[in-house]
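Scroll down for the structure; my scribbles are underneath it.
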Amino acid sequence: MGGAVAGVTLLLGLIIAAIGVMGVAPIGPISGPVVSDPSIQFGAGLWVLGIIVMLLSPIAYVTGSD
Amino acid sequence: MVKYGMLIDLNRCTGCRACVQGCKAENNTGKDIYWMYVFKREVGHYPNVDIKTMPRPCQHCDNAPCVKVCPVGARYKSATGAVFTDSERCVGCRYCQVACPYGVNYFNWKHPEANQYFNYQDDEGSDMYGSADIKALAGDAIAPMRNPELDEKAGAENRMVAGGGHQDGVMEKCTFCVQRTDKGLNPACVANCPTFVYTFGDLDDPNSEISKKIGSEDTFHLLEHADTKPSVYYMGTPVPREGIDIGDLQHE
Amino acid sequence: MAKKLDAYLKPMNKAGTAFYGFLAVMVAVIAVGAYALSLQFSQGHTVSGLDDIGAGGASWGLYVTMLVYFIGISYAGISVSAAVRLLGKTEYKPVARMGELLSVIGILLGSLAILFDLGQPLRGLINIFAYGRIGSPLFFTMSVIAGAYLFSTLVYMYITTRRDASILKSKGLGAGWLNSILSSGYKDTAASRQKHETASRYLSMAILPLLVMAHSFLGFNIGLTVARPGWFGAIQAPAFIAIAAASGIGALIIIVAVFRHFHKMQDILTDNIFKGLGAFMGAATGVYIYMLIAEMYVMRYSSTVEEGIIANALLFGEFAPLYWIELLSFAAAFTIIFAMFVRKSYNVTGIVVSAILVNIGAVIARQLILVPSQTIGSQLPYAIGVYTPTWVELSVVAALFALGAFAYALISKVYPLVELPEDVGGEI
């Protein structure tokens, strides 16, 4: 049970982080102003949030019912 | 789309620094902030000495290291080829300053109002003129010191980039006078030079004066090895490292 | 032979006047720093010794030095914990939590240092997350470090601490509210302990690449700037890892020594632990000395004009006193450890002295990487400048150290910093 919750948390965090990475201002050759704006505002925040949620999965694992 | 570029003819430069003055008046930069700076060095040994001068605006690089390192995207390359700083977004980390090989960035160490040549907040009626006496004596004959266009958004992307906004704790640098180029005028340094050192125009237009000159003259960039691909071209000889600095503006 | 629970809880004993005196001094230092900071907010960064590079000054100075130093010493926590969990070196378990707390406090202090360095700190906090660009090493560093590195250490601490909290709670020791929160839902069964061990094991494995990434990108902040001779180069990434290892373990050694001395915990914080930590620190110091020599050799043999100027200034010029103090500190520290190993006689005092020397060297090293390249290393012929930190910067930095010491001491009083082993207090 704990393992399942942990797995879900990990996946959820991964998805949020991936959305965040896609939303952050693009890397690439400096061809124009597009490079300075994120595709999703707070994309960077989503990325960090996703990492944090992924890191909650060990807690989900150990607190899941024995 | 236009791509702004500048050609600086060092053979014509006399070191008069009218460009520096023009830039200051147009952009209301504070003390110790020189968006346009002119190096002045004396090389050689008496009696065989020579004075070498070199203006240094922001190079508005195509491969700008300052744009690459800005953590919040305040520094960006505009569609018109200039590199701007969005003073509403800048957080003052100064990474662009340490990443720029040309040293063109300036930080607002002091509150901007406390760093002006005229204290235009304090004097009664001074407001835009910097001094109440000037307005009283000359009326409209003398233009105000303070440039109201700097409070507006500017540039092709319509962001707060003109004049830096002059906020506390943000970076600023040469903007190719975006508030002037938006109206089809030349930057202040170009307009003020008495010896026609500067050529400013559209690098993408093969018939522009600057494109023709670059095509026909020997030009170079500063610090070519850094591969920053600047938009500023030079003709003549750059100021060398040897010699004595005789025109240091930055230490009062 | 199971030790009594009390032996592990000695730091939590009732505080004496010395402790309160120490806290008072820390608060005083923090107060002075807070006042200095208020000046910085009201007058702007002009109260510091920083200046534009075009004016010959240094734009990144003491605050950035401290950012790198504090993030550097946070290396200690996870590396010790990883050694315990992944390499099975259980003899270091007593200092694992102390290292993790050092990591957490180090990252928080480093984040404060960078926040105080920003021209617009409040805007910085928001804009970093609203508009962050991964392409910028600065953003990547702060988000990976503050986000992942810090949080992962906190999660790690939580998982490894639940058992201790439940033991304390059942015996009514320590801070009841804290123990309740930390131990809620925990049952001290063998299966549960196994689960916790597994979780911490996998977490350690996940944190190790984070560790390498975090310190490498901290180095890349410096190493990717083509503008700065003396900064630009690939060696910055591994060099930052090496010095982080050395100074981090060194800082941990100092803290463990303080605890051992003041609480008389020689039986738990054994000589053996110091020997092991000292060996690791000595090795990391050796690696860093090697990198320093390699860098200087290249700069002196054949380099660009600016690198030559910087190398000259470091060896013989205005930065020479600091540079030689740094080199000699590292060399002395390494020699002490090396001599101990050759003669096979280790003493804790020598190891602690080495640790102090390494940390002194580490602070100077960071400062000497940052400053000369800005004041004298410009590629265009700007005027040469000087950077001297003002009392404002020094007070704020002192306040950061005091804040860290204050927090550490206070936490040590309400919670056991030494992990309770399996055979102690296990009878719940």
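Since the structure is predicted, the reported quantities are computational estimates derived from the model, not experimental observations. To find a chain, count down the sequence lines: A is the first, B the second, and so on, and within it residues start at 1.
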Item to complete: Please identify each residue that fulfils side chain to side chain contact (heavy atoms under 4.5 Å, CB included) with Asn127(C), with sequence neighbours left out.
Response: Val72(B), Arg89(B), Val91(B), Arg123(C), Tyr131(C)

Response to the item:
Counting heavy-atom pairs under 4.5 angstrom with chain A, the leader among Ile128(C), Ile159(C), Ile126(C) is Ile159(C)

Item to complete: Search all heavy atoms of Pro38(A) against all heavy atoms of Ala130(C) and return the closest pair with its distance.
Response: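 Closest approach of Pro38(A) to Ala130(C), heavy atoms only: CG-O, 3.5 Å.
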
Item to complete: Tell me, please, which residues at least two apart from Arg228(C) pass salt bridge (charged side-chain N to carboxylate O under 4.0 Å, His left out).
Response: none

Discussion item. In the structure I gave you, are the side-chain heavy atoms of Leu55(A) and Leu154(C) within less than 4.5 Å of one another anywhere?
Written reply: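 They are not in contact (no side-chain heavy atoms under 4.5 Å apart), so the answer is no.
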
Worksheet entry | Part of Leu203(C) lying under 4.5 Å from any heavy atom of chain A |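 For Leu203(C), the side chain is the part near chain A, not the backbone.
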
Worksheet item: Given a strict heavy-atom distance threshold of 4.5 Å, which part of Phe139(C) is in contact with chain A: side chain, backbone, both, or neither?
Response: side chain

Fill in: Contact list for residues 111-120 of chain C, test side-chain hydrogen bond (donor to acceptor under 3.5 Å, both in side chains), sequence neighbours left out
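Listed once each, the pairs are Arg94(B)-Asp117(C).
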
Fill in: Over 12 non-hydrogen atoms of neighbours within 6.0 angstrom of CZ in Phe129(C)
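No, the 6.0 Å shell around CZ holds no more than 12 heavy atoms from other groups.
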
Discussion item. For Tyr202(C), is the OH atom crowded, meaning more than 12 foreign heavy atoms sit under 6.0 Å from it?
Written reply: no

Worksheet entry | Proximity of residues 42-53 of chain A to chain C, residues having a non-hydrogen atom under 4.5 angstrom |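 Hits under 4.5 Å: Phe42(A), Gly43(A), Ala44(A), Gly45(A), Trp47(A), Val48(A), Ile51(A), Ile52(A).
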
Item to complete: Against chain C, label Pro58(A) side chain, backbone, both or neither, depending on which of its atoms sit under 4.5 Å from a heavy atom there.
Response: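 Interface part for Pro58(A): both.
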
Worksheet item: CG/Asp37(A) to CZ/Arg133(C) distance, rounded to the nearest 0.5 angstrom?
Response: 10.5 Å

